[in-house]
Amino acid sequence: MPELPEVETVRRTLESLIKGKKITQVVISYPKIIHMDQALFQKKIVGQTIQDLDRMGKYLIWKLDQDVLIIHLRMEGRFYIKKEDVPLSKHEHVGFHLSSGEVLTYHDVRKFGTMDLLPIDNYLQLDPLNRLGKEPKDLTYDAFYEKIKKRHTEIKAIMLDQSVIAGLGNIYVDETLFQAKVHPERKGITITKNEAIKLLDAARWVLNEAIKQGGTTIRTFQAMDGVHGRFQNELAVHTKVSKPCPICQTPIIKIKVKGRGTYVCPNCQT
DNA sequence: ACCACCTCCTGATCGC
DNA sequence: TGCGATCAGGAGGTGG
């Protein structure tokens, strides 16, 4: 599932493919992806040029002339670039025709992805970005600790909460907790200041390493056709059930935390 | 404010 | 082998 490093990889890939091109037509086969009346969306976006590609947390942001297109890939969203106009396939739900003659298609088997077209003047004050917290690199230790120290829910659930800290999903939160040697079921209220510092440092390190590796290609995720990340080779715990912990060799176990599949070293993480 | 639970969606996997 | 049931999961919505 695309988390911050995967979305960053998509952003960089799209930057070289679509930046500076004008949207000449939009074809939509599954309108629920777009949080706006389909006809209005087409009317507003056609004619605008993709000036820049940005990202906040797991959100991909296309900066256009008057508006921004805010895209969340959720679990399986991905893009394909086509050299010519061909019909959308079963799992392609939106096709952006570009001034270059190419078509960028949005592909999403589970149809969970979202697109919001908002004014470039005030999109940060509007749903969905108005709720988004800071990324680990921008969050201070004090602010992070203040957000977790009184909470009675599991630290894993807190760190998946995008209003607390933006960018972590199920893979990187498991890796972060492992690096910080914190058990995912610890309640926020039990986390010490020192552990909060370790958690934030671990989140920064894990995300940076993953970005360097082009993200994690896992299950169904890939950035674009032919673009594969390599961070799956660096994972210490996620998907490693029964494999030896890289630190202590204890077999990694899989548990459920708040309904999420969770991988943990039962010896290192306390 | 906080928290548990439900929903969306479909391919893969499970159980009989 | 077949087929219905269950699972996976990010984040918004609901209700306590």
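Every chain is numbered from 1, with letters handed out A, B, ... down the list of sequences. What you see is a predicted model; the values in this text were computed from it and never measured.
Connectivity analysis of hydrophobic side chains (ILVMFWY, heavy atoms under 4.5 Å, direct or indirect) links Ile189(A) to nothing; its cluster partners are none. Through direct or relayed side-chain contacts under 4.5 Å between Ile, Leu, Val, Met, Phe, Trp and Tyr, Leu118(A) connects to Met56(A), Tyr59(A), Ile61(A), Val68(A), Ile70(A), Ile120(A), Tyr123(A), Leu124(A), Leu126(A), Leu129(A), Leu132(A).
For Lys58(A), the side-chain atoms get nearest to dA11(C) when compared with the rest of dG9(C), dA8(C), dA11(C).
Comparing the start and finish of the helix from dC2(B)-dG16(C) to dC16(B)-dG2(C), five pairs each, the helix axis swings through 60°, to the nearest 10 degrees.
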Could you go through nucleotides 13-16 of chain C and list every protein N or O atom that sits under 3.5 Å from one of its N or O atoms, giving the distance for each pair?
none

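Both Tyr59(A) and Lys256(A) lie near DNA chain C, and the one whose nearest nucleotide falls closer to the 5' end is Lys256(A).
Protein atom NZ of Lys111(A) is 17 Å distant from nucleotide atom C1' of dG9(C), rounded to whole Å. In this entry the distance linking CZ of Phe112(A) with P of dA11(C) reads 12 Å, nearest Å. The CD atom of Glu76(A) sits 15 Å away from the P atom of dA11(C) (whole-angstrom rounding). The distance from atom CG of Leu4(A) to atom P of dA11(C) is 11 Å, rounded to the nearest whole Å. Atom CG of Leu129(A) and atom C1' of dG12(C) are 14 Å apart (whole Å). His238(A) places its NE2 atom 7 Å from the P atom of dG9(C), with the value rounded to the nearest Å. Atom NZ in Lys258(A) sits about 15 Å away from atom C1' in dG10(C), given to the nearest Å. If you measure from atom CD1 of Ile70(A) to atom C1' of dG10(C), you get 16 Å, rounded to the nearest angstrom.
Annotation for Lys58(A) and Val7(A): closest pair O-CG2, 3.4 Å, computed over non-hydrogen atoms.
Here Ser163(A) contributes atom OG and Asn130(A) contributes atom CG; the two are 11.0 Å apart, rounded to the nearest 0.5 Å.
Close to dG10(C), at under 4.0 Å from its OP1 or OP2, lies no side-chain N or O of His72(A).
Residues satisfying the side-chain contact (heavy atoms from CB on, under 4.5 Å) criterion with Gln66(A), sequence neighbours excluded, are Gln48(A). With sequence neighbours excluded, the residues forming a side-chain contact (heavy atoms from CB on, under 4.5 Å) with Pro244(A) are Gln249(A), listed by chain and number. Residues meeting the ring pair (Phe, Tyr, Trp, His ring centres under 6.0 Å) test with His97(A), sequence neighbours left out: none. Under the rule for a side chain to side chain donor-acceptor pair (under 3.5 Å), the partners of Glu15(A) that lie at least two apart in sequence or sit in another chain are Arg11(A).
At a cut-off of 3.5 angstrom, the base of dG10(C) holds at least one donor-acceptor pair with the side chain of Arg260(A).
Residue contacts shown for Gly261(A) are limited to sugar-phosphate atoms, with no base heavy atom under 4.0 Å away. As judged by a 4.0 angstrom heavy-atom cut-off over every strand, Lys90(A) is placed among residues touching the sugar-phosphate backbone only.
Counting only residues at least two apart or in different chains, ring-ring contact (aromatic ring centres under 6.0 Å, His included) contacts with residues 155-182 of chain A comprise Tyr172(A)-Phe231(A). The salt bridge (charged side-chain N to carboxylate O under 4.0 Å, His left out) analysis of residues 157-180 of chain A, with sequence neighbours excluded, yields the pairs Arg151(A)-Asp161(A), Lys156(A)-Asp174(A).
Here Arg78(A) does not pair with Glu6(A) in a salt bridge; the nearest charged N to carboxylate O distance is not below 4.0 Å. Electrostatic pairing of Asp201(A) and Arg204(A) counts as a salt bridge here, judged by a charged N lying under 4.0 Å from a carboxylate O. The pair Glu234(A)-Lys212(A) does not count as a salt bridge, with every side-chain nitrogen at least 4.0 angstrom from each carboxylate oxygen.
You can see that DNA chain B meets the heavy atoms of chain A within a 4.0 Å-exclusive cut from dC3(B) to dG11(B), reading 5' to 3'.
Considering Lys22(A), Lys21(A), Lys82(A) as possible partners of Glu102(A), the one that fulfils the salt bridge (Lys or Arg N to Asp or Glu O under 4.0 Å) test is Lys21(A).
Taking every heavy atom of residues 145-164 of chain A and every atom of DNA chain B, pairs under 4.0 Å involve Arg151(A), His152(A), Thr153(A), by number.
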